[in-house]
2 protein chains.
Amino acid sequence: MSRLESAPTLATVAAEAGVSRQTVSNALNSPELLRPETLERVQEAIGRLGYSPNRAARNLRTRTSHLIGLRIEPAVEDSANALMDRFLHSLVESTRDAGYHLLLFTGTETGSDVSSGDARPLDAVDGYDELLRSAAVDAFVVTDTYRGNPQAAFLEERGVPFVAFGRPWAEPHARHPWVDVDGRAGVQLAVDHLVERGHQRVAWVGWQKGSFIGEDRRSGWADRMHDHTLSTSRLSARGDDTLDFGRRAAHALLDSEHPTAFVCASDTLAMGVLRALDERGLRPGRDVAVVGFDDSLAAQVCTPGLTSVRQPLEQAAVEIVRLLGDLLGHREVEHRGLTLTPTLSVRASS
Amino acid sequence: MSRLESAPTLATVAAEAGVSRQTVSNALNSPELLRPETLERVQEAIGRLGYSPNRAARNLRTRTSHLIGLRIEPAVEDSANALMDRFLHSLVESTRDAGYHLLLFTGTETGSDVSSGDARPLDAVDGYDELLRSAAVDAFVVTDTYRGNPQAAFLEERGVPFVAFGRPWAEPHARHPWVDVDGRAGVQLAVDHLVERGHQRVAWVGWQKGSFIGEDRRSGWADRMHDHTLSTSRLSARGDDTLDFGRRAAHALLDSEHPTAFVCASDTLAMGVLRALDERGLRPGRDVAVVGFDDSLAAQVCTPGLTSVRQPLEQAAVEIVRLLGDLLGHREVEHRGLTLTPTLSVRASS
DNA sequence: ATGAAAGCGCTAACAT
DNA sequence: ATGTTAGCGCTTTCAT
C-alpha cells in the first residue's frame, strides 16, 4: 500500500528541510528553540510531505499514549437510560481539546463456552488491569460508581491516574478526584416545581434501599416535602428500575393515597407512571403531574413531553477532562470532588 | 509511582525464567515454537511478575496499533435516535473479541470564536487524516454514510482499511466492504403487519427527497402497498426528521386522507404522529396504528409502546469486525457488501 | 540554535 | 528449540 511505503519520518522531513532530525523534533515540540526562519522551513517541509509524527514511536519514547480508557457497560434495553450518548460525545470532545483520545473497552466476556463452567462473573476491575500494565492508556474515566466503586480502590492503590464520574459514596475518604451531579438538588427542583403548581400530595417512585444514588435522590424529595411542611407518609414506593415497577407503583399509590404528582428516580420509572395513568384514563399534566430524572430522549419525545431533571453531562465531561489534565500534567488538582447542579426540563407532564 | 518503576519488560521476564528475551517473545506470539516445559516456565515467570507486553513498543515494531477508529457525531437532542448506544457497545465487544480496541474521535470543532469567521464547516474527512498519518489506528469503521460517503472515497483512495456501516449509495462501484440494514425490507415488514391487521389506507411519513436511505425506506412502503393493490395516492408526506414535522404531517394527512395507519421513516417522526393523535383524541393502536423505525428506547418505553422496525445492530457490528479482520489479516474478503434484514418489534401502537 | 548519540521495549530475520 | 543482532521512529541528553 502506498501509504505505508511513503510514510514520511523525522528523517525524511529533516532531509527535505536540510536540517537534522532533532531540529524537526524541536520544531514540533519546542518551536521556541528554533530560529524563526528555520522553523518556517521545517514547517513547510512538514506540510509538503504531509508528515505526522508516528504515535507508536512517540509513545514508546515518552511513555505516554495520550489515550484515556473508558469502560462502557452493556446498553440496557426497555429503559429510558440513554445518558451515555450525551456524556460520551462531550467526553470525546473534551479529551480531543486536551490532546487525548478516548479508548473504549468492556469487561471480559463471560466466555462463549458456557458449559465449561469457568464463566467468571464480570469483575468490577476487569479490563482495567490489562490496559494499565500494557501501558495502553495514560488514565481512566470511571463511570459506574453507583454501587460504591471497587475500581476506585483498585486504581488508587496502584497510583493510576483516574477521575470518577460519581462520588465515592462508599468510601468517603477516597482521595481520587471526582465529578458528580447533585441528584438530591435535582429532585428538590422537581418538588419545588410541583409545589409551586399547587401539588401537595407528591409521591416518590424510586429504587430499592442500598443504592446510594437512589437514597440521595429520595432524600431530595423527602426533605423538600418536609421543608414545605407536606407529608410524605405512605407516599413512597421503592423497587427495580423498570417500566413495569413504575407502572405498578403508580397504580398502587393512586389506589390508596391519591397523590396528585409523582417524582421518579429515573425516566424509566416515570414512563411506567405515565403508562399507569394512561391505563386509568388520567391525563398526565392535567390530572396528575409526573417528573422523571435524566432528561432522556424518551422524555423529550414522548407524549406528552415528560418533565425531567437534566444532568449537566457536557459540563461534567469538561470538568472530568480538566481534572485529568491536572493529574497527567502533574499539576495541583484543585479539588478532589466537584458537584454540579442539574436543571429541570419542564414539559407538558407537569 | 510504583507501577512505573517496576513495570517488567521482556528482559525482566527472560532473566526470571532463565531464557533469552526472544524466547519470551515467542512464548507470547508463537508458543508452538517452544518446548512445553520451557513454555510453562516462561508463562510462570510472566504470571509471577504480572508482565504485559508494552503496547507502544509492540506497535512500533509491528506497525500496527490494534486500534480501530470510529468517529462519533454529535448526539441529536429532541429525537428518538439513540442507535449509537446499542451499536457502539456491540462494536466494542466485537472488536475486543478480535483483539482490538475502539478509539473514538470527532471532527474538528468549528471553534468557540464564532465571530472570527474562520469557523470551518465540519469536513466529512475531518479527523481521519491525522489518525491515519500518525499511524494511531489500523482501520476505521465509517458510520455516517447517509448522504453518500465522502470519507469512503478519501479512505479508499489512500488504501486505508475500513468497513462502512451503510451502503455506498452514491457510488455503486465503490470497492470497500460494507454492511448495511435493508431499510426497504424493514418497511415492507411494517406494511405487511398493518395490512394483516386490516389497514388499507396506510400513510407514509418520511424524509425529504435526496436522502438515499429515506428513499429506500419509502420504496418499501410504496412498492409493498402496490403489491397489496392498495393506493398510495396522496398518502405520503415528506419533511425534516423532527417530532414537529411528524406531528404536522399526521394532522394534515388525517384532515384530508383519513389514513388508518402510519408508517414512519424514524421513531422521531412516529413520536410526532403519536403526538398528533393525542391532540385529536385518537387512541394509537385502537383508532389509528403507527409504526416507527429504529426501535429506539423511546419506542420501547413510551405509552403505548411504539411498534418499530429494529435494526440488527449487534449482528451488524459482528459482521463489520469480521470484515475488518479479513482486511487486516490480508485474508480474502468474502463479500464487498452485506445486507442484513431488520425485524419488527410489535407493540401496542399497532 | 543546531547536531550527534543513545535507547525506549519489542519482534523480524537470521544464526545456532 | 533457543539465542543473537538489528532496528522500528521518536525524544532526551549532552555537545557544539
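Computed from heavy atoms alone, side chains included, the values below leave out hydrogens, waters and symmetry copies. Below, read A as the first sequence line, B as the second, and so on, with proteins coming before strands; counting in each chain starts at 1.
- Heavy atoms only, all atoms of each residue included: A:Ala317 and A:Ser90 are closest at CB-CB, 3.5 Å.
- Relative orientation of the B:Phe105 and A:His101 rings is perpendicular, given thresholds of 30° and 60° on the angle between their planes.
- One end of the helix from C:dA1-D:dT16 to C:dT16-D:dA1 points its axis 30° away from the other end's axis, with each axis taken from 5 pairs and the angle rounded to 10°.
- For DNA chain D, the outermost nucleotides in 5' to 3' order that have an atom under 4.0 Å from a heavy atom of chain A are D:dG9 to D:dT12.
- Between the side chain of A:Thr95 and the main chain of A:Leu91, a donor-acceptor pair closer than 3.5 Å is present.
- Listed by chain and residue number, A:Glu156, A:Pro168, A:Glu171, A:His176 satisfy the side chain to side chain contact (heavy atoms under 4.5 Å, CB included) test with A:Ala174 (two or more places apart in sequence, or in another chain).
- For residues 43-65 of chain A, the set of pairs meeting the ring-ring contact (aromatic ring centres under 6.0 Å, His included) definition, not counting sequence neighbours, is empty.
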Report task. Using a 4.0 Å heavy-atom cut-off, write out nucleotides 2-11 of chain C from 5' to 3' as B (base contacted by protein), S (sugar-phosphate only) or - (no contact). Result -> SBB-BBBBBB

Please list, pair by pair, any protein nitrogen or oxygen found under 3.5 Å from a nitrogen or oxygen in nucleotides 14-16 of chain C.
none

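- With A:Asp180 contributing its side chain and A:Arg167 its backbone, the two residues share a donor-acceptor pair below 3.5 Å.
- Applying the 6.0 Å contact sphere to CD of B:Glu32 captures more than 12 heavy atoms from other residues, nucleotides or ligands.
- Aromatic ring centres of A:Phe140 and A:Tyr128 lie closer together than 6.0 Å.
- Expressed to the nearest 0.5 Å, how far OG1 of B:Thr9 lies from CG of B:Asn54 amounts to 9.0 Å.
- For B:Arg71 (side chain) and B:Asp126 (main-chain N/O), a donor-acceptor pair under 3.5 Å exists by modelled atom type.
- Side chain of A:Arg133 to backbone of B:Gly50: a donor-acceptor contact under 3.5 angstrom is found.
- The neighbour count for B:Arg175 CZ, taken as heavy atoms of other residues, nucleotides or ligands under 6.0 Å away, does not exceed 12.
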